[in-house]
Amino acid sequence: EYLKKEFEMKDLGKTRFCLGLHIEHLKDGILVHQSTYIEKMLKRFYMHNAHPLSTPMVVRSLDVNKDPFRPREKDEDILGPEVPYLSAIGALMYLSSHTRPDISFAVNLLARFSSCPTRRHWNGVKHIFRYLQGTKDMGLFFPNISKTELVGFADARYLSDPHNARSQTGYVFTYGGTTISWRSMKQTITATSSNHAEILAIHEASRECVWLRSVTQHIRENCGLLSRKISPTVLYEDNTACIAQLKEGYIKGDRTKHISPKFFFTHDLQKNGDIDVQQIHSCDNLADLFTKALPTAPFEKLTYNIGLRRVRDLV
């Protein structure tokens, strides 16, 4: 009886908060969100009474001169120290890297102007705050019953940054239908075509896939769940030319001789049975969320498909 009481005193129960993460233990699974962190952040930047919006970023104009997120022009003033641009970007980066992949592209884009932000860029930051105002309780939902398999999606946006001739890489990996790894980043070299940009994107996704497979295998071995070699990880891509090239491997032809052979690393992974690159429609590619700003309807569809849910919809 004494030992039983001692055990009950030491049992602290289920984890509810951890490093700003709010862990909701629901009937059908676990929801990890940061509603408390978002509320504090909105109050810190005086946006707690702002009118909510449906998306974190407006759809950008195809006209380079009308793009609200173009670099600073000569006649534009740089924001002074009274505008906490860097602090806001830092707070949003912490949020986007933990439970809110839906704002990853917007934060990545606005973070590029940290050295010389203008009023246009600050309005973009406030737009994200207004989106968060209406989705405070949104987070990643991990259901109790799901298919335990790792699935990847890779995509690229050709000339997403037309001002510097750079494209955007986006990839996301789900396990059991919920996102566990994602990234949105500007490519460091100039892609000469959409096919070139897609090859660079799937190369980055393949590297992440190798690491995720090793981690998954290590966990399953330690838990005694690994009874056979894990099957190839399906990596979805929407560019037909890219899939065909990766299937054949590096060929020094007129259209590919300028692409470095190291970016055909995915071909070796396919050959070894680690990755299986498959075709998917662009509208169903979850990585599309990480390459550009989307209208409300496709944006809400993709955020749902990567496992984002709201507390009020689950309780």
**Report entry** Audit row: Asn164, Asp161, side chain to side chain donor-acceptor pair (under 3.5 Å) steps and yes/no
**Finding:** CA-CA 6 Å; Asn164 297 300; Asp161 182 7; 2.9 Å; yes

Query - Any donor-acceptor N/O pair, Arg112 side chain to Leu110 backbone, under 3.5 Å - result: no

Query raised in the report: Given the rule in the side chain to side chain donor-acceptor pair (under 3.5 Å) test, do Gln168 and Thr291 qualify, once you have shown the distances and angles that lead to the verdict?
Result: CA-CA 6 Å; Gln168 187 79 7; Thr291 60; over 6 Å; no

Report task. Check whether any side-chain N or O of His25 sits under 3.5 Å from a backbone N or O of Thr15 as a donor-acceptor pair, and report yes or no. Result -> yes

Requested in this report: List the steps and the verdict of ring-ring contact (aromatic ring centres under 6.0 Å, His included) for His121 and Phe69.
Outcome: CA-CA 6 Å; His121 305 133; Phe69 307 108; 7.3 Å; no

**Report entry** Side-chain heavy atoms of Phe263 within contact of Leu200, under 4.5 Å
**Finding:** yes

Requested in this report: Under the side chain to side chain donor-acceptor pair (under 3.5 Å) rule, what do Asp276 and Gln278 come out as? Steps first, then yes or no, please.
Outcome: CA-CA 6 Å; Asp276 180 19; Gln278 295 185 12; 2.8 Å; yes

Query raised in the report: Do Ile38 and Leu19 sit in the same hydrophobic cluster, where Ile, Leu, Val, Met, Phe, Trp and Tyr count as joined when their side-chain heavy atoms come under 4.5 Å apart?
Result: yes

Requested in this report: Scan for salt bridge (charged side-chain N to carboxylate O under 4.0 Å, His left out) pairs involving residues 21-42, sequence neighbours excluded, and state none if there are none.
Outcome: none

Query raised in the report: Hey, do the aromatic rings of His98 and Tyr94 have their centres closer than 6.0 Å?
Result: yes

**Report entry** Leu246 side chain near Cys242 side chain, heavy-atom distance below 4.5 Å
**Finding:** yes

Query raised in the report: Should Leu109 and Leu86 be counted in the same cluster of Ile, Leu, Val, Met, Phe, Trp and Tyr side chains packed under 4.5 Å apart?
Result: no

Query - Side-chain heavy-atom pair Val234, Glu149 within 4.5 angstrom cut-off - result: no

Requested in this report: Kindly give the heavy-atom pair with the smallest separation between Trp122 and Pro84, and that separation in Å.
Outcome: CZ3-O, 4.0 Å

Query raised in the report: Mind checking whether Tyr304 and Phe141 have ring centres under 6.0 Å apart?
Result: no

**Report entry** Closest heavy-atom pair and its distance - Ser184, Phe105
**Finding:** OG-CA, 3.6 Å

Distance-only donor-acceptor hits, side chain of residues 46-61, under 3.5 Å, sequence neighbours excluded:
{"residue": "Ser54", "atom": "OG", "partner": "Thr296", "partner atom": "OG1", "Å": "3.1"}
{"residue": "Thr55", "atom": "OG1", "partner": "Met57", "partner atom": "O", "Å": "3.4"}
{"residue": "Arg60", "atom": "NE", "partner": "Asp67", "partner atom": "OD1", "Å": "3.3"}
{"residue": "Arg60", "atom": "NH1", "partner": "Ser160", "partner atom": "O", "Å": "3.2"}
{"residue": "Arg60", "atom": "NH2", "partner": "Asp67", "partner atom": "OD2", "Å": "2.6"}
{"residue": "Ser61", "atom": "OG", "partner": "Asp63", "partner atom": "N", "Å": "3.1"}

Query - Salt-bridge present (Arg213, Asp274; N to O < 4.0 Å) - result: yes

Query raised in the report: Side-chain contact, heavy-atom cut-off 4.5 Å: His22 with Val32?
Result: no

Requested in this report: Check the pair Leu42 / Lys136 against side-chain contact (heavy atoms from CB on, under 4.5 Å), numbers first and verdict last.
Outcome: CA-CA 10 Å; Leu42 293 176; Lys136 295 178 185 177; 3.8 Å; yes

Query raised in the report: Just wondering, do Thr179 and Leu308 contact through their side chains at under 4.5 Å, heavy atoms?
Result: no

Requested in this report: Could you walk me through whether Tyr175 and Thr216 pass side-chain contact (heavy atoms from CB on, under 4.5 Å), step by step?
Outcome: CA-CA 10 Å; Tyr175 195 90; Thr216 303; 4.2 Å; yes

Report task. Would you kindly confirm whether Phe173 and Trp211 end up in one hydrophobic cluster when ILVMFWY residues are joined by side chain heavy atoms under 4.5 Å apart? Result -> yes

Report task. Indicate yes or no: at least one non-hydrogen side-chain atom of Trp182 is less than 4.5 angstrom from one of Leu286. Result -> no

Report summary line: Heavy-atom closest pair (Tyr158 atom, Thr192 atom, distance to 0.1 Å) is OH-O, 3.4 Å

Query raised in the report: Would Arg119 and Glu76 pass as an ion pair if we require N to O under 4.0 Å?
Result: no

Query raised in the report: How long is the span from the CD1 atom in Ile243 to the CD atom in Gln270, to the nearest 0.5 Å?
Result: 9.0 Å

Query raised in the report: For the residue pair Ala241 and Asn195, what are the closest heavy atoms and their distance?
Result: C-OD1, 3.7 Å

Query raised in the report: Do any N or O atoms from the side chain of Glu237 and from the backbone of Asn239 form a donor-acceptor pair under 3.5 angstrom?
Result: yes

**Report entry** Neighbour count >12 (heavy atoms, 6.0 Å) for atom CZ, Arg183
**Finding:** no

Requested in this report: Using the ring of Phe113 (Phe, Tyr or Trp, six-membered ring only), decide whether Arg72 places NZ or CZ under 6.0 Å from its centre and within 45 degrees of its axis.
Outcome: no

Query raised in the report: When rounded to the nearest 0.5 angstrom, what is the spacing between CD1 in Ile23 and CD in Gln34?
Result: 10.5 Å

Query raised in the report: Judged by atom type as modelled, is there a donor-acceptor pair below 3.5 Å linking the side chain of Arg166 to the main-chain atoms of Leu159?
Result: no

Query raised in the report: Closest heavy-atom contact between Asp102 and Leu289?
Result: CA-CD2, 4.2 Å

Report task. State, yes or no, whether a side-chain contact exists between Met138 and His33 at a heavy-atom distance under 4.5 Å. Result -> no

Query raised in the report: Counting distance only, does the side-chain N/O of Thr178 pair as donor-acceptor with the main-chain N or O of Thr174 below 3.5 Å?
Result: no

Query raised in the report: With under 30° as parallel and over 60° as perpendicular, where do the rings of Phe45 and Phe129 fit, or are they tilted in between?
Result: parallel

Query - Arg157 CZ: over 12 foreign heavy atoms closer than 6.0 Å - result: no

Requested in this report: Would you kindly confirm whether Met185 and Leu95 end up in one hydrophobic cluster when ILVMFWY residues are joined by side chain heavy atoms under 4.5 Å apart?
Outcome: no

Requested in this report: Using the side-chain contact (heavy atoms from CB on, under 4.5 Å) rule, take Asp288 and Ser282 through it: C-alpha gap first, then chi angles, then the decisive distance, then the call.
Outcome: CA-CA 7 Å; Asp288 200 36; Ser282 296; 5.8 Å; no

Query raised in the report: Quick check: does any side chain N or O of Ser193 sit under 3.5 Å from a backbone N or O of His196, one acting as donor and the other as acceptor?
Result: yes

Query raised in the report: For Tyr37 and Phe17, what are the C-alpha separation, side-chain angles and deciding distance, and is it a side-chain contact (heavy atoms from CB on, under 4.5 Å)?
Result: CA-CA 11 Å; Tyr37 176 83; Phe17 291 93; over 6 Å; no

Requested in this report: Measure the shortest side-chain to side-chain distance between Glu204 and Tyr171 over non-hydrogen atoms and say whether it is less than 4.5 angstrom.
Outcome: yes

Query raised in the report: Can any side-chain N or O of Glu198 pair as donor or acceptor with the backbone N or O of Asp155 at less than 3.5 Å?
Result: no

Query raised in the report: Should we count NE2 of His218 as having more than 12 external heavy atoms under 6.0 Å?
Result: no

Query raised in the report: Counting only N and O atoms by type, is there a donor-acceptor contact under 3.5 Å from the side chain of Thr148 to the main-chain atoms of Gly176?
Result: no

Query raised in the report: Does the His281 side chain pair with the main chain of Cys283, one donor and one acceptor, at a distance under 3.5 Å?
Result: no

Requested in this report: Taking the six-membered ring for Trp and the single ring otherwise, decide whether the centroids of Tyr236 and Phe153 are under 6.0 Å apart.
Outcome: yes

Query raised in the report: Would the number of heavy atoms belonging to other residues, nucleotides or ligands and lying under 6.0 Å from CZ of Arg207 be above 12?
Result: no

Query raised in the report: When hydrophobic residues are tied together by side-chain contacts of less than 4.5 Å, even through go-betweens, does Ile219 share a cluster with Leu212?
Result: yes

Query raised in the report: Can you tell me how far the SG atom of Cys116 sits from the CG atom of Asp77, to the nearest 0.5 Å?
Result: 12.5 Å

**Report entry** Any donor-acceptor pair under 3.5 Å from His203 side chain to Ile199 backbone
**Finding:** no

Report task. Might you point out which heavy atoms bring Arg310 and Gly134 nearest each other, and give the distance in Å? Result -> NH2-O, 2.7 Å

**Report entry** Electrostatic pair Lys301-Asp284, nearest N-O below 4.0 angstrom
**Finding:** yes

